Protein chains: 2
Amino acid sequence: MSQSHDEIFRTLADPTRRAIFERLCRDGDQTVGALTAQAGISQPAVSKHLAILKRAGLVRDRHQGRQTHYSAELGALSPLIDWTSQMTGFWQSRFNQLEDLLKRMDQ
Amino acid sequence: MSQSHDEIFRTLADPTRRAIFERLCRDGDQTVGALTAQAGISQPAVSKHLAILKRAGLVRDRHQGRQTHYSAELGALSPLIDWTSQMTGFWQSRFNQLEDLLKRMDQ
DNA sequence: TTAATTCATAACCGATAAGCTATGGGTTAC
DNA sequence: GTAACCCATAGCTTATCGGTTATGAATTAA
């Protein structure tokens, strides 16, 4: 059903991962070292988070010499946006149904 | 920083919990029994999920006799929507900065 | 009053996940 | 060539989490 939803939600559920992603959105391209410097955890932990973010399509990596640059992939947020508008949309549709019902009762 | 973000993301990260929330959005008010019938897990598990959803503000409960009705609280999705637009907004701002830079270089 | 129903809580178990250290592969500097 | 640097992977430990069964509290039905 919502396989892509699942991975995105699970990936963004971790605060450290969200912080990394937010950093990439705010400041653009960053190396692993730069991300580690502010993450407050070890470099391997950061690499692991980046691998998970990459697997979810939320980031891209670009190898340049011995360092790897990561950047946010905003398109991957679409399922999230779609999901929320679908949820609110469901409500709208139920609301409209109620409206129609009231309108019919009024006549 | 993102305390409310954290709880919402963590809460919606579980597929069972999302399914329950989606059901409430689609079909409106539901009793625990009705939700259990389609959840594929035990009633205590459903109650536990509902407690977590409630703690996150995503659902409201209404006691009626010996049964409890739950309904979706769509307003609780605002932080999620705000977060995503903030992320894309960061990109826009950086894009505009780049645009400005290019414009300045052009002159 | 007694029995049945509906839901919540408690106690426990297995799996998952996030952190660490150690290590290795690849690249640049000396 | 050797050393230093950057990053990824492996292996391990611990904590969290989602599920279960058992039980209790509250309400309705008989």
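Each chain gets a letter, A, B and so on, in the order its sequence line appears, and its residues count up from 1. Quick caveat: nothing in here was measured; it's all calculated off a predicted structure.
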- Message: Let me confirm one number: the NE2-OG1 distance from A/H49 to A/T11, rounded to the nearest 0.5 Å.
- Response: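 Between atom NE2 of A/H49 and atom OG1 of A/T11 there are 11.0 Å.
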
- Item | Residues within residues 37-46 of chain A bordering DNA chain C, heavy-atom distance below 4.0 Å | A/I41, A/S42, A/P44, A/A45

Rounded to whole angstroms, how far apart are [atom1] on [X] and [atom2] on [N]?
X	N	atom1	atom2	answer
B/D14	C/dA17	CG	C1'	14 Å
A/I52	C/dA17	CD1	P	8 Å
B/R62	C/dT6	CZ	C1'	15 Å
B/R55	C/dA8	CZ	P	16 Å
B/Q30	C/dT6	CD	C1'	16 Å
B/L53	D/dG18	CG	P	11 Å
B/F9	D/dC17	CZ	C1'	19 Å
A/I20	D/dC7	CD1	P	13 Å

- Message: Whether A/H63 contacts D/dA8 is assessed here as follows: a side-chain N or O lying under 4.0 Å from the phosphate OP1 or OP2. Is that the case?
- Response: no

- Task: May I ask you to verify if any side-chain N or O of B/Y70 is less than 4.0 angstrom from the OP1 or OP2 atom of C/dT6?
- Result: no

- Note on the structure: From the list B/L58, B/V46, B/V59, side-chain contact (heavy atoms from CB on, under 4.5 Å) with B/I20 holds only for B/V46

- Between A/K48 and A/Q64, just flag the one whose closest nucleotide in DNA chain C comes earlier from the 5' side.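 First, find each residue's nearest nucleotide; the 5'-ward one identifies A/K48.
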
Protein N or O to nucleotides 1-6 of chain D N or O, pairs below 3.5 Å:
residue, atom, partner, partner atom, Å
D/dC5, O2, A/R66, NH1, 3.3

- Message: Show the nearest heavy-atom pair for residues A/C25 and A/L74, with the distance to one decimal.
- Response: SG-CD2, 3.6 Å

- Item | Min side-chain heavy-atom separation A/T31-A/Q64 under 4.5 Å | no

- Kindly indicate whether the side chain of B/L50, heavy atoms from C-beta on, has any atom under 4.5 Å from the side chain of B/D61.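 Not touching, per the 4.5 Å side-chain cut-off.
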
- Query: For the side chain of B/R17, counting heavy atoms from C-beta on, which of D/dC17, C/dG19, D/dG18 is nearest?
  - Reply: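 Between D/dC17, C/dG19, D/dG18, the one nearest the side chain of B/R17 would be D/dG18.
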
- Message: Given 3.5 Å as the limit, does a donor-acceptor pair link the side chain of A/R17 with the main chain of A/L12, or not?
- Response: no

- Query: Is the count of non-hydrogen atoms from other residues, nucleotides or ligands lying under 6.0 Å from A/R55 atom CZ greater than 12?
  - Reply: no

- Might you confirm whether atom CZ of A/R23 has over 12 heavy atoms from other residues, nucleotides or ligands at distances under 6.0 Å? yes

- Query: Does A/I52 share a hydrophobic cluster with A/I41, counting links as ILVMFWY side-chain heavy atoms below 4.5 Å and allowing steps through other members?
  - Reply: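 No, A/I52 does not connect to A/I41 through the hydrophobic network.
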
